[in-house]
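Reckoned from all heavy atoms, side chains included, excluding hydrogens, waters and symmetry mates. In each ligand, atom 1 is the first atom listed, and ligand 1 is the first ligand listed.
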Amino acid sequence: MSEGVVIAQKSPYKAELKKCEKSFWCSCGRSAKHPYCDGSHKGTGLMPMIFTADEDKTAWLCGCKNTQGKPFCDGTHSKL
Ligand code: FES
Ligand code: FES
């Protein structure tokens, strides 16, 4: 388990990413707007991961917050 991280859910969130659009993936697990940051990380020392898609695509963003391939699900949730 990553320190200070809350498991939002033990499965990924489906996301429709847009080319060149910035996304803020919640890394702390406390957001009310998963998979994206809503500022609830304040005071935890954790920060959202900012990323930009290189094309329009459907992606599976990590919901357990323990992936080694942030922000994408890498299957780690199945071992938690
Ligand atoms: Fe989780 Fe911002 S609310 S990183
Ligand atoms: Fe986190 Fe799959 S939801 S690794």
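At atom 1 (Fe) of ligand 1, the vertex angle linking SG of Cys26 with SG of Cys28 is 100° (nearest 10 degrees).
A donor-acceptor contact shorter than 3.5 Å is absent between the side chain of Thr52 and the backbone of Cys20.
Note: Phe51 and Phe72 have perpendicular aromatic rings, judged against thresholds of 30 and 60 degrees for the angle between ring planes.
For atom 2 (Fe) of ligand 1, the closest heavy atom belonging to the protein is His41 ND1, 2.2 Å.
Set against the non-hydrogen atoms of Pro12, the atoms of ligand 2 under 4.0 Å away are 3 (S). Within the listing of ligand 2, atoms 4 (S) sit less than 4.0 angstrom from a heavy atom of Asp74. For ligand 2 and Gly63, the ligand atoms under 4.0 Å from any heavy atom of the residue are 1 (Fe), 3 (S).
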Check: When you look at Thr58 and Lys14, which way does the side-chain contact (heavy atoms from CB on, under 4.5 Å) test go after all the steps?
Finding: CA-CA 7 Å; Thr58 299; Lys14 187 178 182 183; 3.5 Å; yes
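Residues His41 and Pro48 are in side-chain contact: their nearest non-hydrogen atoms beyond the backbone lie under 4.5 Å apart. In this structure the side chain of Tyr36 reaches within 4.5 angstrom of the side chain of Ser23, judged on heavy atoms.
Across all their heavy atoms, Lys10 and Cys64 have their closest contact at CA-CB, 4.4 Å.
Both Leu17 and Trp25 are part of a single hydrophobic cluster, where members link through side-chain heavy atoms under 4.5 Å apart.
Put simply, Cys73 gets within reach of atom 2 (Fe) of ligand 2, with an N, O or S atom under 2.8 Å from it. Here Cys64 reaches atom 1 (Fe) of ligand 2: one of its N/O/S atoms is less than 2.8 Å from the metal.
Residue-level check: among N/O/S atoms of His77, ND1 sits closest to atom 2 (Fe) of ligand 2.
Counting heavy atoms closer than 4.0 Å to ligand 2, residue Ser78 contributes nothing at all.
Under a 4.0 angstrom heavy-atom cut-off, Asp38 registers as being in contact with ligand 1.
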